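For the single chain, residues carry numbers from 1 onward in sequence order. All values derive from a computational prediction rather than experimental measurement.
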Amino acid sequence: MYDGIIFDMDGTIWDSTEEVTKSWKEVVSKYPEVTDEITEDKLKGLFGLLLDDIAVRLFKSVPPERACEIIRECCDYENEYLVKHGARLFPGMEKVIEELSKNHKLIIVSNCQSGYIEAFFKAYPHLEKYFTDYECPGKSGLAKAENIRLVVERNNLKNPVYVGDTAGDAASSKKAGVPFIYARYGFGQVDEYDDVIDTPMELIDKVK
């Protein structure tokens, strides 16, 4: 049995695409030099990448350095917005988290900015108690594979598994030497995985 379950955030625990789109549009409206359209579909295709990579792919109308500056402002406001408004948890996720926490350490590792996972905890304070740790490049300065290794070592996990929804998640898990469960209900397309779920509730039986 797995002793630790490491979750991705976007496309795995919740779908914040609508809220992120709204908050980023508010920020970008202050900068007429940014002519790129921000849509939910675009963001779904970019979630999971490192922040600077998202910036240069999304804000092509400005130089990369400027794109990275603007996206950081977007993310700061996004954190505030999510604390107030939350985002859509995937159906059954609350029950899954509560149930799995009884016999596993639950951890979040996401390619997000500092404050994003904290915003999730503030929006859903009753869920924070079920998680023992979390990490992201905004805190550690490390990419996802290194962050997975970091939380495995920090929490003394002997048999962990990573649950995510993108090919990047799968590659990071493999690089970290951790089995990967593909959340097929999420945003990405993954060809190589150790197991697959089509709903969050299926995870309960998969990790016994």
Side-chain angles (χ1 to χ4, degrees), residues 1-20 43-45 47-49 82 86-112 116-136 144-208:
M1 183 177 76
Y2 297 115
D3 59 350
I5 303 169
I6 308 169
F7 288 89
D8 174 49
M9 275 293 303
D10 297 304
T12 303
I13 289 178
W14 73 0
D15 180 358
S16 66
T17 314
E18 180 181 352
E19 290 75 20
V20 173
L43 292 185
K44 283 182 179 179
F47 280 164
L49 298 176
L82 288 169
R88 183 179 70 87
L89 295 173
F90 286 103
M93 183 54 69
E94 290 196 43
K95 180 170 180 56
V96 169
I97 290 170
E98 181 181 359
E99 187 65 26
L100 292 181
S101 69
K102 296 175 182 177
N103 297 303
H104 308 80
K105 289 183 179 179
L106 304 188
I107 299 167
I108 296 173
V109 171
S110 177
N111 270 350
C112 59
Y116 184 80
I117 299 172
E118 293 91 335
F120 162 66
F121 289 142
K122 290 176 182 176
Y124 297 95
H126 60 291
L127 296 180
E128 182 175 7
K129 64 185 177 183
Y130 298 119
F131 290 90
T132 60
D133 199 2
Y134 63 93
E135 196 53 86
C136 67
K144 182 166 280 186
E146 286 70 34
N147 281 328
I148 292 173
R149 289 196 197 103
L150 185 63
V151 298
V152 168
E153 294 173 4
R154 197 157 66 199
N155 292 275
N156 195 32
L157 299 179
K158 304 302 182 186
N159 190 29
V161 64
Y162 189 84
V163 184
D165 68 304
T166 68
D169 292 335
S172 296
S173 298
K174 185 175 182 179
K175 188 175 180 181
V178 172
F180 176 69
I181 295 179
Y182 171 32
R184 194 156 48 191
Y185 57 82
F187 303 149
Q189 178 63 47
V190 180
D191 296 323
E192 295 185 17
Y193 45 84
D194 296 287
D195 213 332
V196 60
I197 54 174
D198 289 301
T199 67
M201 290 297 292
E202 292 178 21
L203 188 60
I204 294 174
D205 289 329
K206 296 286 187 179
V207 300
K208 285 182 178 178

S.K.: Say you draw a straight line from CD1 of I6 to CD of E135; how long is it, rounded to the nearest 0.5 Å?
M.R.: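 It is 11.5 Å, given to the nearest 0.5 Å.
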
S.K.: Hey, what do you get for OG1 (T199) to OH (Y185), rounding to the nearest 0.5 Å?
M.R.: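 If I round to the nearest 0.5 Å, the distance is 8.0 Å.
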
S.K.: For A87 versus W14, what's the shortest heavy-atom pair and its separation?
M.R.: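 Taking every non-hydrogen atom into account, CB-CE3, 3.5 Å.
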
S.K.: Flag the pair I148 / F180 as yes when at least one side-chain heavy-atom distance between them is below 4.5 Å, and no otherwise.
M.R.: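 No; the side chains remain at least 4.5 Å from each other.
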
S.K.: Give the intermediate values and the outcome of side-chain contact (heavy atoms from CB on, under 4.5 Å) for residues I13 and L89.
M.R.: CA-CA 6 Å; I13 289 178; L89 295 173; 4.0 Å; yes

S.K.: What are the two closest non-hydrogen atoms of V163 and T12, and how far apart are they?
M.R.: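 It is O-CG2, 3.6 Å.
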
S.K.: Any chance you could measure F7, atom CZ, to L100, atom CG, to the nearest 0.5 Å?
M.R.: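 Here the interatomic distance stands at 5.5 Å.
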
S.K.: Atom CZ in F47, atom CE in M9: separation rounded to 0.5 Å?
M.R.: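 Going from CZ on F47 over to CE on M9, the span is 10.5 Å.
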
S.K.: Which of parallel (below 30°), tilted (30 to 60°) and perpendicular (above 60°) describes F120 and F131?
M.R.: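 Plane angle over 60°, so perpendicular.
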
S.K.: Taking all heavy atoms of D8 and all of S110, pick out the closest pair and write down the distance.
M.R.: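 So the minimum-distance heavy-atom pair works out to OD1-OG, 4.0 Å.
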
S.K.: Please report the shortest heavy-atom distance between V190 and A170, naming the atom on each side.
M.R.: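 V190 and A170 have their closest heavy atoms at CG1-CB, 3.8 Å.
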
S.K.: Could you tell me the separation between the CD1 atom of I181 and the CG atom of L203, rounded to the nearest 0.5 Å?
M.R.: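 Those atoms lie 5.5 Å apart.
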
S.K.: Is the count of non-hydrogen atoms from other residues, nucleotides or ligands lying under 6.0 Å from K206 atom NZ greater than 12?
M.R.: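 Yes, because the 6.0 Å sphere around NZ of K206 holds more than 12 heavy atoms from other groups.
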
S.K.: What ring pair (Phe, Tyr, Trp, His ring centres under 6.0 Å) pairs are there with at least one residue in residues 145-172, not counting sequence neighbours?
M.R.: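 Applying ring pair (Phe, Tyr, Trp, His ring centres under 6.0 Å) to every pair that reaches into residues 145-172, excluding sequence neighbours, yields nothing.
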
S.K.: Closest approach of V161 and P179, non-hydrogen atoms and distance?
M.R.: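 The answer is CG2-O, 3.4 Å.
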
S.K.: Checking side-chain contact (heavy atoms from CB on, under 4.5 Å) for the pair Y116/D10: CA distance, chi angles, key distance, verdict?
M.R.: CA-CA 11 Å; Y116 184 80; D10 297 304; 2.4 Å; yes

S.K.: Locate the shortest heavy-atom distance separating C112 from I117; write the atom from each residue and the value.
M.R.: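 So the two residues come closest at SG-CG1, 3.8 Å.
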
S.K.: Which residues satisfy the side-chain hydrogen bond (donor to acceptor under 3.5 Å, both in side chains) test with D191, sequence neighbours excluded?
M.R.: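 D191 satisfies side-chain hydrogen bond (donor to acceptor under 3.5 Å, both in side chains) with no other residue.
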
S.K.: If you measure from CD1 on I5 to CG on L157, what distance do you get to the nearest 0.5 Å?
M.R.: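 Reported to 0.5 Å precision, the distance equals 10.5 Å.
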
S.K.: Begin with the C-alpha distance, continue with both residues' side-chain angles, and end with the deciding distance and a verdict on salt bridge (charged side-chain N to carboxylate O under 4.0 Å, His left out) for E146 and K175.
M.R.: CA-CA 8 Å; E146 286 70 34; K175 188 175 180 181; 3.8 Å; yes

S.K.: Evaluate the criterion side-chain contact (heavy atoms from CB on, under 4.5 Å) for residue pair D3 and K105; output intermediate values, then yes/no.
M.R.: CA-CA 6 Å; D3 59 350; K105 289 183 179 179; over 6 Å; no

S.K.: Side chains of D169 and S172 only: does a donor on one sit below 3.5 Å from an acceptor on the other?
M.R.: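 The answer is no; no qualifying pair exists.
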
S.K.: Hey, is the main chain of F187 close enough, under 3.5 Å, to the side chain of D165 for a donor-acceptor pair?
M.R.: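 Confirmed, D165 side chain pairs with F187 backbone.
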
S.K.: side-chain contact (heavy atoms from CB on, under 4.5 Å), that's the test. Do K158 and N156 meet it? Break it down for me.
M.R.: CA-CA 6 Å; K158 304 302 182 186; N156 195 32; 3.1 Å; yes

S.K.: Taking C-beta and beyond as the side chain, do V109 and K144 meet within less than 4.5 Å on heavy atoms?
M.R.: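 Answer yes - side chains close enough.
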
